[in-house]
Each structure stands twice: as C-alpha cells, then as structure tokens.
Amino acid sequence: MNEILRPSDAASIAAFLAPRSIAVIGAAPAEQRSIRGMLLRVLRRAGFTGRIAPVNPSYREVNGLRCYPAIGAVKFPIDLAIIALPAELVCDVVEQCVAAGVRAAIVISSGFAEESVAKAERQLRLSDIARRTGIRICGPNCEGFYNVAGCVAATFSAAAEPSLSGSTRNAAGGRVAIVAQSGGLGFSLFSRGRAAGLEIGHVVTTGNECDLTAVDFITHFAGDPGCAAIIAYLEEVRDFERFAAAAGRAQAAGKPVIVIKIGRSEAGRRAAVAHTASDTGVATDFDAMFAATGVIAVADPDDAVAAALGRLTNPVAAGRRVGIVTTAGGAGTVLSECLTEAGFSVPVLDQKLQARLRPTFPSYGSAANPIDVTAQGIFTGGVLQSLEVLLDGEDVDSIVLSLSLSNERSISLDVAALSALRARRSKPVLIYSYTLLSPFAREALSTAGFAVFERARDLVVAMRALSTAGHDDRASAFDSGAMAS
C-alpha cells in the first residue's frame with residue numbers, strides 16, 4: 001500500500017499545535033461531568049477563538065453550539081479533530097476525518113496496545129491510516145495538548161482551565177515546553193511548574209504514539225525560538241538517534257532539556273508496559289546519551305520543575321564551590337550537609353573576607369561559610385554585605401541565600417537591592433526559605449526573577465542543573481537518598 005508524501009515534520013507539527021478550527025467528536029454537555037463534557041468546556045474556557053464543531057448524533061446542540069451528526073456533516077473546514085469514543089469506533093471515525101479533509105487528530109480513547117495484544121491491532125490500523133493518508137495522529141490513550149499562548153486547550157485536563165485566583169508571576173525569562181507520554185504527568189508538570197514561577201508555553205501528551213511521538217515534539221521545540229527549555233516525561237524513546245540529535249541541537253542553542261526517564265527499576269518498566277505499552281530500554285544506554293548531549297536527568301516532576309527554574313533564572317555555575325548566607329544557623333547546617341553529600345563544596349572563607357563581614361552582624365553569628373548573619377543581620381546590613389563579598393570575590397561559584405519567607409504581607413529583605421547586587425556579576429544566586437514560603441514572598445521574588453525553594457532537595461536539584469559537571473552529576477540525580485528534604 002502506497003504512502004502519501006507528508007508535509008515536513010516541522011510544518012505539520014506547527015500546524016497541529018495551532019489549529020484554527022476544532023471538531024470534538026463524541027462531545028457531550030459540560031454538565032454531564034464526563035471526559036466528553038470536559039473537552040468542550042476546557043477548550044472554550046481557555047479562550048479558543050477559532051470555530052468549534054461538536055460532533056455527536058445524540059444532540060442537535062451542545063452548550064449553545066450546533067452539534068453535527070458526523071464529521072462529514074460539518075459545513076466548514078476542520079484542522080483538528082479531538083476523538084473521545086469507544087476504541088472500537090475510532091479507526092472508522094479517523095477514516096471519516098480523512099475523507100472530510102481533517103489534517104490532524106487527537107485520540108483520547110484508551111483500549112489499544114496498552115490493554116492487550118489483540119487490541120494492539122487497532123493501534124496498528126491507526127498507524128497505517130496515518131502513513132497511508134498523511135493525517136497526523138496524537139495518541140491513542142493520551143490527554144491531548146495545551147498551547148497556552150495560542151489559547152488552544154485540546155484536552156480534558158482541569159489543569160488547563162483558568163485559575164480563579166490568578167497565577168504567580170513568572171520568575172524565568174522564557175517559555176517551557178512540556179512533552180509527556182503520560183497525560184497525568186504532563187499536566188502535573190504544568191500545574192507544578194506554573195505554581196513555582198515557570199512560564200509554560202506548551203503541554204503535549206502523546207500516549208501510545210501510533211504516529212506522532214514525544215521525539216517529534218521535542219525535535220520541534222528544540223528548533224522553536226519561542227521555547228527556552230524542554231521538560232519531558234519519557235517511558236519509551238522510539239527513535240534514539242533522533243532524540244539525541246534534538247537534545248544536541250537544544251544544547252547548542254543554550255536550551256536545557258530536562259528528562260524524567262522511566263525504566264531504572266523492574267516495577268517502573270512493568271508499569272510503563274501497562275500504561276502505554278512502552279519498552280523503556282536499557283538505562284545505561286540513556287545515561288551515556290544524556291551525558292553526551294547535555295540532558296539533565298531527574299527523578300520526578302518536582303525535580304524537573306526545580307531544575308528548569310534554576311537554569312532559566314541563573315547563569316551556569318563555573319564550578320561546585322557554594323557560598324551560603326543564612327539568617328538561621330540550623331538552616332545553613334542542613335544546606336551544608338545536603339550540598340556536600342551531593343558533590344558540592346562549602347569552602348571556609350579567607351580570614352580577610354571574614355574580618356570584613358563580622359562587623360555587619362552580631363558577634364554570635366559566623367563569617368566562615370555558611371555565613372550566619374543571624375536574624376538581626378537582615379536589618380544591620382549583614383545579608384547584603386555578605387552577598388556582595390561573595391558575588392565580587394573568587395571564593396565561590398554560586399550562592400544560596402537562606403532566610404524565612406513565611407510572612408504573608410511583607411519581606412524584610414530588600415529585593416531591589418538584592419537584584420542590583422546580582423546584576424553586577426554572573427553567578428547563580430538561589431534563595432531557600434527554611435520556613436514554608438508564603439504566596440506573597442514567592443510573588444515578590446519571582447517578579448524579580450529569582451528562583452525560590454522551600455525544600456532543600458529542590459534546591460540541590462537546581463544546583464545540579466547549574467553545575468558544569470558531566471555524567472556523574474546528572475546520573476546521581478536519581479539517588480534521592482543523597483538529598484534531604
């Protein structure tokens with residue numbers, strides 16, 4: 001059977017992510033509180049401005065929109081079809097989409113290769129339709145995508161609905177693309193990243209990947225000038241060499257690629273097969289490729305967000321020497337332990353530097369490193385003076401400022417002065433709140449472009465992402481035992 005000539009991957013994926021018209025096949029009223037109802041509700045609430053065609057022979061109208069009995073009955077061209085139907089109907093409906101001139105489809109439906117060998121035949125038929133006709137298919141067994149800037153929420157995930165409370169100001173100066181073979185993990189990364197101060201540009205979930213794969217989208221975002229970083233959740237990499245090429249391209253552009261790669265345990269491998277029928281591959285092969293291409297390997301969504309936040313708000317560190325400025329001696333001690341166990345050093349400062357610092361905080365503090373300025377040091381100038389010394393000197397490669405940021409109405413720290421100090425020198429400056437971080441403090445510091453953490457583990461992960469160390473540093477991100485929370 002002959003295959004038609006497809007448009008280039010770049011062109012087809014760009015068009016896939018920015019449809020001008022969408023058909024929701026299997027659409028139902030939002031009040032049903034079902035996946036079919038959520039698809040239409042989320043799409044409209046996200047602000048999609050294109051034309052929408054609900055398709056379901058059971059309704060003449062769905063939530064104020066004319067409903068069509070079949071895709072062939074829609075009276076205007078459709079760029080993207082979102083299909084949420086029983087699995088046994090999907091292939092025939094995709095064929096109908098092709099006949100109607102639809103260019104792309106998202107198959108939300110489950111019941112394919114992830115369920116049984118017999119039902120994998122359905123998935124093979126979907127793959128054949130894509131090759132034979134040129135329609136691009138995402139899924140099956142996926143959660144769709146969200147083009148945030150384009151207001152295209154082609155998903156049923158409630159995470160894509162606008163927040164009533166508003167969103168935290170972005171700390172990072174660039175958009176992050178999330179590509180995930182799990183819908184739940186993809187939108188988990190979206191909600192966690194947005195809360196931490198990341199600006200998310202796209203979330204794409206690929207499920208069983210009968211046609212479009214995670215590697216296709218990673219390749220696309222590696223060349224997208226509007227994307228500053230890529231976070232990926234991967235159970236299987238179906239084109240190893242192409243992934244390596246995309247990661248290398250991103251690295252050359254200064255664009256970090258941060259990957260949660262499943263398959264380091266038997267339980268994880270078994271779960272991946274049940275989830276998306278994925279063959280996770282050999283972990284050591286991925287370790288070597290990640291090292292060669294600069295991929296940052298992490299263990300879970302929180303680590304991925306921390307790594308991205310660290311990289312997008314700071315320059316890469318020249319080495320592993322860390323200076324700690326703290327208003328609580330205990331917090332400095334904890335950070336010293338965590339960072340040292342993770343392969344960093346916390347060197348004792350030169351005696352001349354210590355002598356310069358001691359007059360700026362009470363005598364019961366310490367100027368050694370960690371520099372414990374005590375709580376009083378915020379008001380006597382100890383914090384800013386210590387930061388200035390560390391930023392201007394050659395004793396450390398990166399700096400951690402540790403203080404309490406739990407106040408719901410104010411920050412004792414002079415954020416503007418801190419920003420001015422940081423601008424003088426190209427060193428990473430990360431902030432750790434040893435108390436729970438208030439929304440007020442996160443907002444103020446995120447607005448100023450700082451990465452702020454309330455878990456020591458997250459701070460350490462961010463420091464790893466900023467380290468210039470190679471494979472050993474990245475691989476050890478999986479050793480959670482070395483990172484205290």
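All residue numbers refer to positions in the sequence shown, counting from 1.
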Report the distance from atom [atom1] of [X] to atom [atom2] of [Y], rounding to the nearest 0.5 Å.
X	Y	atom1	atom2	value
I178	F190	CD1	CZ	7.5 Å
I411	S438	CD1	OG	6.5 Å
I431	L405	CD1	CG	7.0 Å
C138	L80	SG	CG	9.5 Å
R194	I200	CZ	CD1	8.5 Å
I218	D239	CD1	CG	11.0 Å

So do the side chains of [X] and [Y] get within less than 4.5 Å of each other, counting heavy atoms only?
X	Y	value
I13	T219	no
T206	T213	no
Q181	T205	no
V257	Q251	no
P370	L335	no
V203	T155	no
S110	P140	no
L17	H220	yes

Any side-chain donor near an acceptor of the partner, D287 and T284, under 3.5 Å
no

Just by modelled atom types, is the [Y] backbone N or O under 3.5 Å from a matching donor or acceptor in the [X] side chain?
X	Y	result
S398	A317	no
T326	G329	no
D397	R321	yes
N369	V322	yes
D224	G226	yes
E209	A214	yes
R320	G343	yes
T313	L309	yes
S467	M463	no
S446	E443	no

Quick one, L357 with S386, criterion side-chain contact (heavy atoms from CB on, under 4.5 Å). Give me CA distance, side-chain angles, the key distance, then yes/no.
CA-CA 6 Å; L357 293 174; S386 298; 3.7 Å; yes

Do any pairs count as a side-chain hydrogen bond (donor to acceptor under 3.5 Å, both in side chains) and have a residue in residues 347-363, sequence neighbours left out, and if so which ones?
Q354-R358

May I have all residue pairs that pass side-chain hydrogen bond (donor to acceptor under 3.5 Å, both in side chains) and include part of residues 30-48, sequence neighbours excluded?
E31-N63, Q32-Y59, R41-E161, R45-E161

Summary of ring-ring contact (aromatic ring centres under 6.0 Å, His included) pairs that have at least one residue in residues 221-245, sequence neighbours excluded:
H202-F221, F240-F286

What ring-ring contact (aromatic ring centres under 6.0 Å, His included) pairs are there with at least one residue in residues 348-383, not counting sequence neighbours?
none

side-chain contact (heavy atoms from CB on, under 4.5 Å) with L401: which of L418, L430, T327?
L418

Passing option when S188 is tested against S157, P301, S182 for side-chain contact (heavy atoms from CB on, under 4.5 Å)
P301

Qualifying salt bridge (charged side-chain N to carboxylate O under 4.0 Å, His left out) pairs, either residue in residues 410-429, two or more places apart
E388-R424, D392-R424, E394-R425

Just do the side-chain contact (heavy atoms from CB on, under 4.5 Å) check on T447 and V415 with the steps written out, would you?
CA-CA 10 Å; T447 299; V415 178; over 6 Å; no

Heavy-atom pair with the smallest gap, counting every atom of [X] and [Y]:
X	Y	value
V373	P362	O-CD, 3.7 Å
V460	C338	CG2-CB, 3.9 Å
L312	G174	CD1-O, 4.1 Å
T293	A244	CG2-O, 3.5 Å
R457	A299	NH2-CB, 4.0 Å
D395	P347	O-CG, 3.9 Å

Carboxylate-amine/guanidinium contact R136 D211, below 4.0 Å:
yes

Verdict with supporting geometry, I106 and C142, side-chain contact (heavy atoms from CB on, under 4.5 Å):
CA-CA 8 Å; I106 297 170; C142 76; 3.6 Å; yes

Begin from the C-alpha positions of I324 and L339 and carry the test side-chain contact (heavy atoms from CB on, under 4.5 Å) through to its verdict.
CA-CA 10 Å; I324 300 171; L339 288 165; 4.0 Å; yes

Across all chains, not counting sequence neighbours, the ring pair (Phe, Tyr, Trp, His ring centres under 6.0 Å) partners of F217 are F16

